[in-house]
Amino acid sequence: MSRAQRVSAVLAAYESLVEVGVGERAELAGELAERGCRVVATDVVEREVPAGVEFVVDDVTDPDLSVYRGADAVYARRVPPELQRSVLAVAREVDAACLFTTLGGDPVVVDARPVTVAEGTVYVARE
């Protein structure tokens, strides 16, 4: 089982999700779509995403909140400390859960509860 599959086991509890900053690693969004979740992926530039995943160009530091409204959860993978507050602010604004992972030894700079998954940690900043 890949790391994306392990993280998707936590995120699959939500029906509708928005992934912030999908980058070139869209396998988690794809895995969630395969599990029956509605997934919107965002990034500041156009990205390829798997079938079943909607893509929208958006910058979480200056978000179009209509992209996030209706989501049960907003999540980000490998989110750097300087973007954690923005991801959480968007989730609060649209009344969604906020979950994220960090890259390596990056610190968590928002109040978040760690959930251990095989080979990593998912941080829950808002439930």
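Computed over heavy atoms, backbone and side chain alike; hydrogens, waters and symmetry mates excluded.
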Given the rule that I, L, V, M, F, W and Y join up when any side-chain heavy atoms are under 4.5 Å apart, are [X] and [Y] in one cluster?
{"X": "Y75", "Y": "V90", "answer": "no"}
{"X": "V110", "Y": "V10", "answer": "no"}
{"X": "L88", "Y": "F100", "answer": "yes"}
{"X": "L11", "Y": "V108", "answer": "no"}
{"X": "V79", "Y": "V74", "answer": "yes"}

Within the distance-only criterion (no hydrogens, no angle test), does the side chain of [X] pair as donor or acceptor with the backbone N or O of [Y] below 3.5 angstrom?
{"X": "Q84", "Y": "P107", "value": "yes"}
{"X": "R126", "Y": "A96", "value": "yes"}
{"X": "D72", "Y": "Y14", "value": "no"}
{"X": "D106", "Y": "P81", "value": "no"}
{"X": "T101", "Y": "R78", "value": "yes"}

On a heavy-atom basis, which atom in [X] and which in [Y] lie closest, and how many Å separate them?
{"X": "A33", "Y": "V39", "answer": "N-CG2, 3.9 Å"}
{"X": "A97", "Y": "A91", "answer": "O-CB, 3.8 Å"}
{"X": "V53", "Y": "A41", "answer": "CG1-CB, 3.9 Å"}

Q: State plainly whether the residues R38 and E15 are in salt-bridge range, i.e. N to O under 4.0 Å.
A: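 Not counted as a salt bridge, because no side-chain N and carboxylate O are separated by less than 4.0 Å.
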**Q.** Note: E19-R25 ion pair, threshold 4.0 Å (strictly below)
**A.** no
Quick one, [X] and [Y] - any side-chain contact, counting heavy atoms below 4.5 Å?
{"X": "L28", "Y": "R77", "answer": "yes"}
{"X": "F55", "Y": "V22", "answer": "yes"}
{"X": "T42", "Y": "Y68", "answer": "yes"}

Q | Spatial distance of atom CZ (R92) from atom CZ (R85) [nearest 0.5 Å] | A | 10.5 Å
Q: Output the distance between atom OG (S8) and atom CD (E27), rounded to the nearest 0.5 Å.
A: 10.5 Å
Q) So does E24 have more than 12 non-hydrogen atoms from other groups sitting under 6.0 Å from CD? A) no
Q. Of V45, V44, D43, which meets side chain to side chain contact (heavy atoms under 4.5 Å, CB included) against D59?
A.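 Output: one option passes, namely V44.
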Q: Using side chain to side chain contact (heavy atoms under 4.5 Å, CB included) as the criterion, point out the one residue from V60, V18, T61 that pairs with V87.
A: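 It is V60; the other options fail the test.
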